[in-house]
Asker: 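Just dropping this structure here.
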Amino acid sequence: MAAARKSVCIVGAGPAGLVAAKTFLRTGKCDVTVFEKSDRLGGIWALDESSVGNYLSPHTPTNLSKFTVGFSDLSWDSVGLSKNEDGAGAPIFPKAWQVNKYLEAYRERFIPDDVIKYEHEVMNISRRKELAKGAVQHWSVTIKDRHDLEETKTFDHLIVASGFFSTPRPLQQTVAADSGELAIKAIHSSRYRNLDDIFPENASAAEKTILVIGGGNSSGEVAAAVASNLSNTQWSPDRALQQKFQGCKIVHVTPRPLYGLPPFVPTDETSSAFVPVDFHLYNLSRRPPGPITGNAGRVTDEVKNMIHGAMHSMLGGNQVDLGADALVSPEGSERGTVQVALSESYPEYVRSGLIEVLAGRVTNILANEDGTTSALVKQNETSITLDNVGAVVYATGYSPETALGLLHPTEKKALHYDPESMRLPLILEQWQTTSKASEKLAFIGYYEGPYWPIMEMQARLTVARWFNEKEIPQKPQEEAEKLLELRKAMKARDLDIPQYWFGDYLGYMEELTSELQLQRNDGQFTEREGGVSPARYLAPEDENPEADKIMADMHKVWSACRTEGTYVPRAVFRALHGTWTIHRRITSTKGSYPSGVFSGTANFYLRFATPDKSGAKFDLEYLYVESGTFTPNESGASITASRRYVYRYSELKKELSVWFVKPDRNFEVDYLFHKLAFASPEEAKEEGACVAKADHLCIDDMYDTKYRFPMKGIALHSFQCTHTVKGPSKDYVALTDYRREVKTSLK
């Protein structure tokens with residue numbers, strides 16, 4: 001006699017809920033119902049290209065690549081996004097609205113229409129027992145539909161997949177402030193999109209300080225976003241906003257040093273090739289020989305120092321060169337664990353001074369009698385006052401209360417629920433999926449830093465436990481006593497607590513593969529080569545052509561990074577940001593063009609990419625402004641000289657180009673000067689620097705240009721540009737040396 005089908009309730013139709021639904025439906029042993037309170041799926045990704053009011057801007061790129069933000073059985077190239085010239089439909093770091101398209105395609109492929117009940121909010125959950133046939137545990141789930149009608153249903157199994165980051169944490173839980181009395185706007189980082197969000201139309205912003213509060217990834221991200229908006233107001237062709245925001249700056253107050261880590265990092269110490277950041281962080285070849293296991297919880301001094309060293313290697317140093325003491329991690333007993341802000345532009349905005357970083361904690365925001373606003377910052381045993389605060393953006397994290405409030409108090413008690421613990425609100429085991437107190441209850445993606453491959457593994461693990469009666473051993477670091485001690489240490493802000501206590505994703509993937517007896521799907525990779533992806537770990541019975549496509553694409557990108565230097569132009573473009581001292585020597589053989597020396601400064605100002613009259617699209621753009629004095633060799637009389645260009649980067653073409661500006665409107669692009677053709681990583685290693693060539697025919701004069709970028713990690717402290725110009729009226733060589741002051745110590 002066939003076993004009775006079980007009923008499974010899933011709360012939430014975000015990535016965790018969708019992968020759980022697909023995984024359980026595939027067993028054929030259960031009926032699945034997903035309750036989603038919104039009118040669409042996706043969770044924080046429930047948006048399209050023009051959405052407003054969500055936790056994310058629709059154009060925010062993912063922090064990790066498309067090989068990590070995805071599941072094993074759907075390639076991004078199968079999603080139906082418009083194809084680019086390479087035949088691929090999604091960039092390496094998809095935008096938020098594209099992630100929603102991926103999830104919609106995933107649902108359409110794997111989840112029948114009647115499974116997800118939209119606009120059905122789960123109000124409360126409790127357990128009950130029916131004793132007619134013995135003690136059988138069921139779950140009573142009360143749901144409110146779109147018409148505010150409530151109904152209670154019973155299920156055999158329950159999965160909470162409603163998101164760890166359910167509600168932005170109010171400012172008042174961290175800082176003493178009454179936003180109702182403040183004359184300025186104070187918003188959570190998840191609500192920031194542009195300067196209009198913090199400065200109403202008639203508000204004065206000139207010379208004001210924008211206060212950013214927080215010591216985690218989001219604080220670095222949002223500080224860089226605000227800085228980009230400010231930079232654009234000063235340097236875009238649209239001059240209307242320049243005066244309103246003139247002199248406006250950002251002060252970022254962080255309780256701990258943060259490493260600014262961009263999306264592309266070097267493959268090795270030569271910095272001749274660059275890969276997406278997750279390719280490096282989750283690289284199998286970086287693990288020592290033998291079985292790979294996961295680590296969680298506290299970090300020993302030895303491991304702590306090793307991770308700091310690895311970060312210094314990627315960044316080209318300990319960040320002292322940025323000129324912000326608050327971002328330099330101390331040595332010795334005062335050193336904390338590595339804390340990272342994944343941001344392409346944050347470090348260089350700090351170097352430029354647009355973002356000032358202060359170590360400490362904001363304790364109070366005050367509305368002064370004269371109508372101004374001040375903030376008190378505690379630094380160890382002293383406090384300082386920040387005056388003239390014009391707006392506040394707080395990145396103080398999220399509260400899990402909204403997602404967990406639906407659980408019955410008895411259930412919360414059994415799970416050691418602590419509403420004051422943002423980082424570890426529940427005490428769970430088995431890779432953070434369950435508790436012995438509630439074995440028919442599972443949590444998918446319910447930990448800080450939820451990671452799509454682990455969500456899929458957690459769903460597989462839960463299926464094995466519930467339907468395959470698999471005994472899962474308890475991991476030593478997930479014993480309740482140890483996790484309760486960890487929670488206590490988190491509240492005390494102990495220095496050995498990592499940024500993400502459950503964050504060794506590569507180790508967990510390998511552990512779960514062994515536990516579930518999955519098979520490696522390495523494709524063209526060797527066993528200990530390349531990064532992890534859910535497509536790399538499959539069940540023996542899986543026939544998964546989508547996984548094979550993912551692995552083939554992943555290997556293609558991996559190989560191209562190393563042999564062709566695919567992302568070297570992007571890494572170089574990022575590193576140009578900011579101010580440089582320049583020295584140019586011009587050696588001419590014709591009197592019509594004088595020899596001499598130019599000395600001055602050059603600035604690469606980041607601004608939003610401007611439209612191109614040819615229809616070409618660009619993703620990143622600098623306005624280059626150079627000024628100084630030119631001293632001819634013969635006369636010796638110095639004259640003031642200046643010039644402007646626009647530097648552009650195209651993600652589609654992986655190309656860096658330089659453009660002339662219009663003489664009469666020198667903020668606007670005119671026409672192409674040249675495109676940089678970078679040498680291969682192998683040639684770069686021989687040169688000791690990333691090198692590129694370019695050429696341009698100006699009427700009858702040919703400009704041949706060579707660039708030399710000696711990258712150190714992600715950093716660039718100097719570079720050279722040589723123009724060799726030959727033609728009827730010109731015959732000269734201009735060698736320009738760019739340098740910037742590099743601090744080597746805090747003293």
Side-chain angles (χ1 to χ4, degrees), residues 3 6-11 16-17 19-30 32 71-72 127 136-137 139 155-161 164 291-297 407 411 414-417 424-484 486 501-520 532 534 536-542:
K6 299 293 185 179
S7 57
V8 177
C9 171
I10 299 175
V11 183
V19 75
K22 176 261 174 185
T23 305
F24 276 85
L25 286 167
R26 188 180 178 189
T27 67
K29 299 178 180 180
C30 59
V32 176
F71 298 122
S72 67
R127 275 190 286 181
V136 179
Q137 176 179 290
W139 293 97
F155 296 90
D156 297 304
H157 299 276
L158 173 68
I159 294 174
V160 176
F164 190 81
I292 298 175
T293 57
N295 298 288
L407 291 174
E411 211 63 48
L415 296 170
H416 300 279
Y417 174 56
L424 192 53
L426 303 178
I427 302 302
L428 303 173
E429 59 183 74
Q430 297 186 8
W431 290 272
Q432 293 301 286
T433 59
T434 192
S435 167
K436 290 184 178 68
S438 303
E439 293 184 350
K440 303 296 184 181
L441 168 65
F443 294 83
I444 306 295
Y446 211 86
Y447 60 93
E448 57 181 358
Y451 178 80
W452 290 37
I454 295 295
M455 293 180 193
E456 185 166 347
M457 283 290 195
Q458 288 178 325
R460 287 172 167 172
L461 181 72
T462 306
V463 164
R465 187 170 63 240
W466 286 351
F467 294 142
N468 299 339
E469 299 182 352
K470 183 173 178 56
E471 292 291 331
I472 310 295
Q474 186 178 43
K475 294 167 60 63
Q477 63 263 40
E478 290 186 330
E479 294 174 2
E481 294 78 9
K482 291 183 179 179
L483 289 179
L484 288 169
L486 181 65
W501 76 269
F502 186 72
D504 183 8
Y505 303 133
L506 190 159
Y508 306 148
M509 294 294 285
E510 290 288 320
E511 282 183 340
L512 284 161
T513 293
S514 175
E515 190 64 45
L516 297 173
Q517 298 182 325
L518 303 179
Q519 293 181 345
R520 288 282 291 275
V532 295
R536 199 161 188 169
Y537 304 92
L538 304 178
E541 66 274 13
D542 281 351

Asker: Identify the residue among Glu456, Met509, Gln519 that makes a side chain to side chain contact (heavy atoms under 4.5 Å, CB included) with Tyr537.
Answerer: Met509

Asker: So, taking the atom named OG in Ser72 and the one named CE in Met457, what distance separates them when rounded to the nearest 0.5 Å?
Answerer: 9.0 Å

Asker: Step by step, would you call Gln432 with Tyr446 a side-chain contact (heavy atoms from CB on, under 4.5 Å)?
Answerer: CA-CA 7 Å; Gln432 293 301 286; Tyr446 211 86; over 6 Å; no

Asker: Kindly give the heavy-atom pair with the smallest separation between Pro534 and Pro453, and that separation in Å.
Answerer: CD-CG, 3.4 Å

Asker: Look up atom OG1 in Thr434 and atom CD in Glu429, then write down how far apart they are to the nearest 0.5 Å.
Answerer: 7.0 Å

Asker: Mind jotting down which residue pairs meet the salt bridge (Lys or Arg N to Asp or Glu O under 4.0 Å) criterion with at least one end in residues 466-476? Sequence neighbours excluded, please.
Answerer: Lys470-Glu515, Lys475-Glu511

Asker: Between Leu506 and Val532, which heavy-atom pair has the shortest distance, and what is it?
Answerer: CG-CG1, 3.7 Å

Asker: Testing the 3.5 Å rule here: is there a donor-acceptor pair between the side chains of Tyr417 and Glu411?
Answerer: no

Asker: Write down the atom of Arg127, the atom of Ala437, and the distance for their closest heavy-atom approach.
Answerer: NH1-O, 3.0 Å

Asker: side-chain contact (heavy atoms from CB on, under 4.5 Å), that's the test. Do Leu512 and Arg460 meet it? Break it down for me.
Answerer: CA-CA 9 Å; Leu512 284 161; Arg460 287 172 167 172; over 6 Å; no

Asker: Considering all heavy atoms of both residues, which atom of Gly294 and which atom of Asp504 are nearest to each other, and what is their separation?
Answerer: CA-OD2, 3.2 Å

Asker: Please report the interatomic distance CG(Leu483) to CZ(Phe502), rounded to the nearest 0.5 Å.
Answerer: 10.0 Å

Asker: Can you label the angle between the Phe467 ring and the His157 ring as parallel, tilted or perpendicular, going by 30° and 60°?
Answerer: perpendicular

Asker: For a quick test of reading the model, state the closest non-hydrogen atom pair linking Gly17 to Ile10 and the distance between them.
Answerer: CA-CG2, 3.8 Å

Asker: Show your working on side-chain contact (heavy atoms from CB on, under 4.5 Å) between Leu441 and Trp139 and close with a plain yes or no.
Answerer: CA-CA 9 Å; Leu441 168 65; Trp139 293 97; 3.5 Å; yes

Asker: Mind telling me whether Phe24 and Trp466 have parallel, tilted or perpendicular rings, with 30° and 60° as the class edges?
Answerer: tilted

Asker: Nearest 0.5 Å, please: how far is CD1 in Ile444 from CD1 in Ile159?
Answerer: 5.5 Å

Asker: How far does CG of Asp156 sit from NZ of Lys6, to the nearest 0.5 angstrom?
Answerer: 5.0 Å

Asker: So do the side chains of Ser435 and Phe443 get within less than 4.5 Å of each other, counting heavy atoms only?
Answerer: no

Asker: Taking 4.0 angstrom as the limit, do Glu510 and Arg520 come out as a salt bridge?
Answerer: yes

Asker: Step by step, work out the side-chain contact (heavy atoms from CB on, under 4.5 Å) result for Ile472 and Trp431.
Answerer: CA-CA 10 Å; Ile472 310 295; Trp431 290 272; 3.8 Å; yes

Asker: Looking only at heavy atoms, what is the nearest atom pair of Ile292 and Gly507, with distance?
Answerer: CG2-CA, 4.0 Å

Asker: Check whether any side-chain heavy atom of Leu424 lies under 4.5 Å from a side-chain heavy atom of His416, and answer yes or no.
Answerer: no

Asker: Out of curiosity, Ile454 CD1 to Tyr505 OH, how far, rounded to the nearest 0.5 Å?
Answerer: 7.5 Å

Asker: Let me know which of Glu439, Gln474, Arg465, Gln458 forms a side-chain hydrogen bond (donor to acceptor under 3.5 Å, both in side chains) with Gln430.
Answerer: Arg465

Asker: Hey, are Glu478 and Lys482 close enough for a salt bridge, meaning a charged N less than 4.0 Å from a carboxylate O?
Answerer: no

